[in-house]
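Labels below follow one simple rule: chain letters A, B, ... track the order of the sequence lines, proteins then strands, and each chain is numbered from 1.
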Amino acid sequence: MNSKNPPKKNNWSWRSQAFRGLIYQVIAILAIGGFVWFLAHNTLLNMRVRGIQSGFDFLKQAAGFDIGESLYPFDSAQPYWQAFLVGVTNTLRVAVLGIILATVLGTLLGVGRFSRNALVRGLCQVYVELFRNIPVLLQLLLWYVILTEVLPAASDAWVFGSFFLSKGGLNYPIPVWSIGQLWAAYGLIPGLVLAWVYRRWAKRQFEATGRVRSMVWMPLVIVLAASLLGWLLGGAPTALNRPFKGDFSIENGGALTPEFLAVLLGLTLYTASFIAEVVRGGIQSVALGQSEAAAALGLSRQQEMRLVMLPQALRVIIPPLTNQYLNLTKNSSLAVAIGYPDVVSIANTALNQTGRAVECISLVMLVYLSTSLGTAVLMNWYNSRSAIKER
Amino acid sequence: MHLSKLQTLTAVVATVGAFMSAPAHAGKTLDGIKARGQVVCGVNTGLAGFGAADSAGKWTGLDVDVCRAIAAATLGDAEKIKYVPLNAQQRFTALQSGEVDVLSRNTTFTLTRDASLGLHDTAVTYYDGQGFMVPVKSKIKSAKQLKGQTVCVQSGTTTEKNLTDYSKANGLNIKPVVFEKLEAAENAYFTGRCIAYTTDASGLASTRNKVAKDPKEHIILPELISKEPLGPMVRRGDDEWFAIVKWVIYGLLEAEEYGITQANLEGLKATSKDPVVQRILGTSEDSGKLLGLSKDWMANAIKATGNYGEIFERNVGPNSPLGLPRGVNNQWNKGGLMYAYPVR
């Protein structure tokens, strides 16, 4: 038997399963490709027949409309693609912040359901049942109504020091940009390096002597101290751009609009209830013996959760957590209902100014597809990192 | 060239078929309407005075009456309409895709819409302009005082762009807060999220009248910052239907000019010696024939809705709840812009 050189002919015959599989896949791809081509061709043909102009050339034209809030300055003379970019950054801003806040709140709530305190346990359960069972659009509208109806007009804004809360949103002081802040940023870099070195040292100390050192607070202090030192070296600028009451609105300072706050609040509180359930499920999946073993070692309840339960639960938590992150990002499109200029809102406006419905919708699809795939890739990477290492 | 019998036969059938299938005058849309027994009309989701359904589901308004006139002219019955409420974003797609036959929904005629959306502007039914509404207690007297302020807007309209243009031209740096739904935009204004609310002046009057708790607490600023000629739109590619919609509107205008009303219609039909009146009512020449309609197309329309002046009075005029002055929407010989092409 000559196993080294099997007859090649066999690989390309219908009797070979691999070959047939390949052929089926090629046929499937061709069929799908053909179908997509037919759809595109048919759409374009019909649009041409009806005299509807098409194409992505409009992206280079001046947008001609203003956008209420943007992370960077946008002027109506800038082209449509930059308007889309403002929309994308607005979507990402609310999604990223929402994901961080919902994760923190959701984890606390999920862990809270194992509390020995019946009140805490009950409250966490009530929260979850309440927030996950009310449609998210209703919640967004509710927060928006609360923010715009209950809060006072700008002229009678609630004042907390230099913070103003009114129908115009939350206005807060921002530092006047000067060279000193740049020095503070410079200070961050050695601070981060120092913190990293400290953590390595602390870890080695722990492995050698068993002494537990602060792995979170101490590095944080190091980073902040280095940054503070940089700020002092830069001349310690203290000038603040403080908001003040104008005739009809709060002027100057930084501002978070009620639209942004309502979307952030609504999405965070809604998604946190699902994350809480994901975390609870993950923790319950860890065998009871692990908890008993931790108690036998004399670990405190907090240490047990942090060092034994959560690391094992993470394996179960991460995949469904990814889904929640994707949901939060996609749900941010509901922001259009309460006037937050996310990418859907901008696309709607662009669609109506130009009439390029197919193009604008496909751009929105592209944006959500890439944010979703991006999130999934990141989370899969994290998942493989936190999987059990088999040695 | 040698043709077989079969080939000859095919050629003859094809040629005859090509001639036979050429429509006489009725376009595809009118054929569809006749077959279905209904005009499908795209209207506003709820703008009092222009297109709104009451609690019993009955649609009223200026835009709605134009639909009713079209239905009466084409089918002889103003009730044979299916109303499709559309928001600002849905409207053009609904018309392009054939979901509605005519879009009668306070839509502004612009170059982009006429030239690039595969649509046709028919005839203006209301000359409007964009304005601002502010609370009386804000003590704002002019749009120029809106510097740096937030203004609530509905998305997907010409309004957004006009606001930006005006803000730029006057260095006002106005911050728009854009809502998808009319109700949401109005609500945000009335809760005080925005200092001002902007849309067409007719829409402002409608909102102030129908939505405000106390209409007296809100004023419409004197500046009109744009021209907004509003009227029905139809799809491109059906010239016959385009002509019908256009001429029903001109007919309503001309009926007012020549004093034909819902009340005196029957009398004039029998007695009028005025050739113009006779033509409009189809008692002498058959004015509907060229449009592919019946002889009494316009008489049916006027019987159902009255002439343009009556439609205006009933829905938006000074004595209606909206109380809009006739202004530029008066007839051309009374100082307005309404000038119908002659029905002849």
Open item on the list: Is it the case that the side chain of A:Arg50 and the backbone of B:Arg235 share a donor-acceptor pair, with hydrogens and angles ignored and the cut-off at 3.5 Å?
Closed with: no
Open item on the list: For chain B, which candidate among A:Gly169, A:Pro341, A:Pro258 shows the most heavy-atom pairs at distances under 4.5 Å?
Closed with: A:Pro258
Task: Separation of B:Asn187 CG from A:Tyr144 OH (nearest 0.5 Å) - done: 9.5 Å
- [ ] Select, from A:Ala350, A:Gly68, A:Ala357, the one with the greatest count of heavy-atom pairs under 4.5 Å involving chain B.
- [x] A:Gly68
Task: Proximal component of B:Thr150, with respect to chain A [non-hydrogen, under 4.5 Å] - done: neither
- [ ] To the nearest 0.5 Å, tell me how far B:Thr158 OG1 sits from A:Gln353 CD.
- [x] 8.0 Å
TODO: Could you tell me which portion of B:Ser167 (side chain, backbone, both or neither) has an atom closer than 4.5 angstrom to a non-hydrogen atom of chain A?
DONE: side chain
Task: chain A contact via B:Leu119 - side chain, backbone, both or neither, heavy atoms under 4.5 Å - done: neither
Open item on the list: Is A:Asn46 close to chain B through its backbone or its side chain, or both, or neither, when contacts mean heavy atoms under 4.5 Å?
Closed with: neither
Open item on the list: As an exercise: rank A:Leu141, A:Val49, A:Ile338, A:Leu351 by heavy-atom pairs under 4.5 Å with chain B and give me the winner.
Closed with: A:Ile338
Task: Interface moiety of B:Ala185 toward chain A, non-hydrogen atoms closer than 4.5 Å - done: neither
Task: Minimum side-chain heavy-atom gap B:Phe92-A:Asn352 below 4.5 Å - done: yes
Open item on the list: Between A:Asp66 and B:Lys168, does any side-chain N to carboxylate O distance fall below 4.0 Å?
Closed with: no
TODO: With rounding to the nearest 0.5 Å, note down the distance linking CD1 in A:Ile52 to CD in B:Gln96.
DONE: 3.5 Å
Open item on the list: I'd like to know which of B:Glu160, B:Gln89, B:Lys175, B:Lys181 tops the heavy-atom pair count under 4.5 Å against chain A.
Closed with: B:Gln89
Open item on the list: Quick check on A:Tyr72: does its OH atom have over 12 non-hydrogen neighbours (other residues, nucleotides or ligands) under 6.0 Å away?
Closed with: yes
Task: Side chain, backbone, both or neither of A:Ala337 within contact of chain B (heavy atoms, under 4.5 Å) - done: backbone
Open item on the list: Under 4.5 Å from any heavy atom of chain B, what part of A:Ser54 do you find: side chain, backbone, both or neither?
Closed with: neither
Open item on the list: Can you confirm whether A:Thr257 sits close enough to B:Arg193 that some side-chain heavy atom of one is under 4.5 Å from a side-chain heavy atom of the other?
Closed with: yes
